[in-house]
Amino acid sequence: IKDYLNRKWAKEDKEDTKIDALVRAEKIMMIDRVTWLGKEYISHGEITLTDKENLIEMHEAYKSLGGNGHLDTVMNEIKKLKVVGE
């Protein structure tokens with residue numbers, strides 16, 4: 001029983017490690033995507049409501065994954081942008 005449990009726990013540890021790596025990768029991709037899009041919209045000085053809502057949702061998802069303040073500066077600027085029609 002002890003050997004079985006050790007194998008089971010080792011397998012669970014490997015799965016946890018993979019999940020942690022996927023979460024970290026997703027956070028990095030979100031930082032890159034929100035930053036890139038944010039710079040584009042900021043340089044144009046305007047954003048559509050749909051795009052603004054999408055960026056806000058990505059930022060919230062990033063934070064829920066344990067993201068820190070990497071995106072706060074760009075999001076503060078996004079919130080100030082003029083909203084234009086689709």
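All values below come from the heavy atoms of this structure, side chains included, with hydrogens, waters and symmetry mates left out.
Considering every non-hydrogen atom in both T35 and I31, the closest pair reads OG1-O, 2.6 Å. Heavy atoms only, all atoms of each residue included: K27 and L65 are closest at CD-O, 3.5 Å.
One finds the OH atom of Y62 at 9.5 Å from the CD1 atom of I28 (value rounded to the nearest 0.5 Å). Between the NE2 atom in H70 and the NZ atom in K63 there is a gap of 13.0 Å [rounded to 0.5 Å]. Rounding to the nearest 0.5 angstrom, the gap separating the CG atom in L71 from the CE atom in M30 is 8.5 Å.
At least one side-chain heavy atom of I56 sits less than 4.5 Å from a side-chain heavy atom of M75. Residues K82 and V84 meet the side-chain proximity criterion, which asks for heavy atoms closer than 4.5 Å. Residues I78 and I42 meet the side-chain proximity criterion, which asks for heavy atoms closer than 4.5 Å. L37 is listed as a side-chain neighbour of M58, based on a closest heavy-atom distance under 4.5 Å.
Take K80 and apply the salt bridge (charged side-chain N to carboxylate O under 4.0 Å, His left out) test, not counting sequence neighbours, and it matches E77. Residues meeting the salt bridge (charged side-chain N to carboxylate O under 4.0 Å, His left out) test with K39, sequence neighbours left out: none.
Applying the side chain to side chain donor-acceptor pair (under 3.5 Å) test to pairs two or more places apart or on separate chains, those with a residue in residues 50-59 are Y41-D51, T48-D51, T50-E86, H59-D72.
A donor-acceptor pair under 3.5 Å is formed between the side chain of S43 and the backbone N or O of E40.
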